[in-house]
A.B. asks: 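Here's a structure for you.
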Amino acid sequence: MGEILCLKSVSLTYQAENGEVEALKDINFTVNEGEIISIIGPSGCGKTTLLSLISGLESPTSGEVRVGGHVVKGVTDKIGYMLQKDNLLDWRTIRSNTLLGLEIRKMLCNATVDYADDLLKTYGLWEFRNMRPSQLSGGMRQRAALIRTLAAKPGLLLLDESFSALDYQTRLAVTDDVYGIIKRVKIPAILVTHDISDGISMADRLIVLTKRPASISRDIKIEFSRSEIMSPLQRRNDPLFREYFNLIWKELDVHE
Ligand code: ADP
Ligand code: MG
């Protein structure tokens with residue numbers, strides 16, 4: 001499998017007004033084609049910092065971040081970054097929101113617009129295309145935000161606690177939804193969360209971080225008997241789910 005992302009001995013220390021904040025310490029891992037990785041760790045441990053590094057918004061104090069074999073130097077179009085808030089603009093329709101990323105990157109043309117429209121059709125938002133974000137449910141808005149991110153055909157998708165603002169029922173539905181889309185588009189993804197269940201339900205591999213400064217305490221392969229065809233909801237009902245949950249719970253607890 002081809003390497004999409006590689007972090008080698010990556011550390012980052014912020015120079016803040018009131019002194020230094022050591023956020024990441026000696027992080028090493030690789031993401032291969034088609035893999036979905038969950039990164040889990042306590043609040044404030046350095047998860048968002050890690051995504052900032054991968055997306056090129058921050059530079060490591062030491063070590064190296066490579067995307068597609070090239071060292072990351074500044075923000076790149078190859079990465080799609082989805083935040084916790086959907087950040088849709090309410091003065092734009094759903095369709096024009098999904099085209100926003102393309103517009104900003106000056107990538108609007110017939111082919112890219114057709115692709116974004118196809119995503120809207122495939123994922124059930126076409127009939128809502130002329131509505132405003134505030135007229136849609138939280139789950140639908142997340143789907144629109146995902147389509148906006150995917151429209152630019154990034155090579156790697158980063159999601160930062162993208163579901164944590166949703167209520168539990170909606171979150172279950174949205175994780176199923178988003179997982180299905182990521183799998184079908186076959187885009188490698190890194191999902192950052194502090195929620196153990198969300199992490200296990202979507203990942204091929206789960207990386208557990210220690211408290212700040214974050215380093216990797218475990219890198220666990222998540223395997224269910226029918227992983228390839230199971231949805232996050234089906235995983236939650238599998239007896240193995242609880243075993244993974246307890247393992248990760250203990251792992252996080254050790255580092256409290
Ligand atoms: P998480 O996403 O896991 O909650 P963050 O990566 O946001 O954690 O933050 C890790 C630590 O780095 C926190 O202590 C936070 O206060 C600090 N931090 C984050 N961004 C900056 C910054 N730009 N300058 C200084 N300190 C920061
Ligand atoms: Mg964060």
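Read the numbers this way: they start at 1 and go in the same order the structure lists the ligands and their atoms. The figures here come from the full heavy-atom set of this structure, side chains too, leaving out hydrogens, waters and symmetry mates. By convention here, the first residue in the shown sequence is residue 1.
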A.B. asks: When clusters are formed by joining ILVMFWY residues with side-chain heavy atoms under 4.5 Å apart, either directly or through shared neighbours, do Ile4 and Val192 land in the same one?
C.D. replies: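 As far as the 4.5 Å side-chain criterion goes, Val192 and Ile4 are connected within one cluster.
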
A.B. asks: Could you check whether Arg171 makes a cation-pi contact with Tyr168, meaning its NZ or CZ is under 6.0 Å from the centre of the six-membered ring and within 45° of the ring axis?
C.D. replies: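 Output no; distance or angle outside limits.
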
A.B. asks: Under 4.5 Å between side-chain heavy atoms, hopping through other hydrophobics if needed: is there a path connecting Ile207 to Val10?
C.D. replies: yes

A.B. asks: Are Lys47 and Asp160 within salt-bridge range, i.e. N to O under 4.0 Å?
C.D. replies: no

A.B. asks: Tell me whether Phe163 is reachable from Ile200 by hopping between hydrophobic residues (I, L, V, M, F, W, Y) whose side-chain heavy atoms are closer than 4.5 Å.
C.D. replies: no

A.B. asks: How far is atom 7 (O) of ligand 1 from its nearest protein heavy atom, and which residue and atom is that?
C.D. replies: Thr48 CB, 3.7 Å

A.B. asks: Keeping to distances under 2.8 Å, can you name the protein N/O/S atoms close to the Mg ion (ligand 2)?
C.D. replies: Thr48 OG1

A.B. asks: Do Ile182 and Leu5 share a hydrophobic cluster, counting only Ile, Leu, Val, Met, Phe, Trp and Tyr and linking them when any side-chain heavy atoms are less than 4.5 Å apart?
C.D. replies: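 Unlinked, Ile182 and Leu5 end up in two clusters.
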
A.B. asks: Using a 4.0 Å cutoff against the non-hydrogen atoms of Thr49, which atoms of ligand 1 qualify?
C.D. replies: 5 (P), 6 (O), 9 (O), 10 (C)

A.B. asks: Would you verify that at least one protein heavy atom lies under 4.0 Å from atom 12 (O) of ligand 1, or report that none does?
C.D. replies: yes

A.B. asks: What are the two closest heavy atoms between Ala151 and Leu102, and how far apart are they?
C.D. replies: O-CD2, 3.7 Å

A.B. asks: Hey, is Cys45 one of the residues with a heavy atom under 4.0 angstrom from ligand 1?
C.D. replies: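 Contact present.
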
A.B. asks: Considering distance alone, does some N or O of Glu58 sit under 3.5 Å from an N or O of ligand 1?
C.D. replies: no

A.B. asks: Measure the distance from atom 15 (C) of ligand 1 to every protein heavy atom, then report the residue, atom name and distance (to 0.1 Å) of the closest one.
C.D. replies: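 Protein heavy atom with the smallest distance to atom 15 (C) of ligand 1: Val21 CG1, 5.0 Å.
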
A.B. asks: Please report whether ligand 1 has a polar contact with Gly44, defined as an N or O pair separated by less than 3.5 Å (distance criterion only).
C.D. replies: yes

A.B. asks: Ion pair present between Lys153 and Asp77, side-chain N to carboxylate O less than 4.0 angstrom?
C.D. replies: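 No salt bridge links Lys153 with Asp77.
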
A.B. asks: Which of the numbered atoms in ligand 1 are below 4.0 angstrom from a heavy atom of Gly46?
C.D. replies: 1 (P), 3 (O), 5 (P), 6 (O), 8 (O), 10 (C)

A.B. asks: According to side chain to side chain contact (heavy atoms under 4.5 Å, CB included), who are the partners of Ser43, at least two apart in sequence or on a separate chain?
C.D. replies: none

A.B. asks: Indicate whether atom 22 (C) of ligand 1 is within a distance of less than 4.0 angstrom of some protein heavy atom.
C.D. replies: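 When distances to the protein are checked, atom 22 (C) of ligand 1 has a heavy atom within 4.0 Å.
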
A.B. asks: Take atom NZ in Lys183; do more than 12 heavy atoms of anything else shown fall under 6.0 Å from it?
C.D. replies: yes

A.B. asks: Counting each atom of ligand 1 from 1 as listed, which ones have a heavy atom of Ser43 under 4.0 Å away?
C.D. replies: 4 (O)

A.B. asks: Side chain, backbone, both or neither: which part of Arg212 has a heavy atom under 4.0 Å from ligand 1?
C.D. replies: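 It is the side chain that gets close, since no backbone atom is under 4.0 Å.
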
A.B. asks: Name the closest protein heavy atom to atom 19 (C) of ligand 1, giving the residue it belongs to and the distance to 0.1 Å.
C.D. replies: Tyr14 CE1, 3.4 Å

A.B. asks: Just wondering, more than 12 heavy atoms not from Asp114 lying within 6.0 Å of its CG?
C.D. replies: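 Check passes, neighbour count above 12.
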
A.B. asks: Is the closest side-chain heavy-atom distance between Leu125 and Met140 below 4.5 Å?
C.D. replies: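 With C-beta onward as the side chain, the pair touches.
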
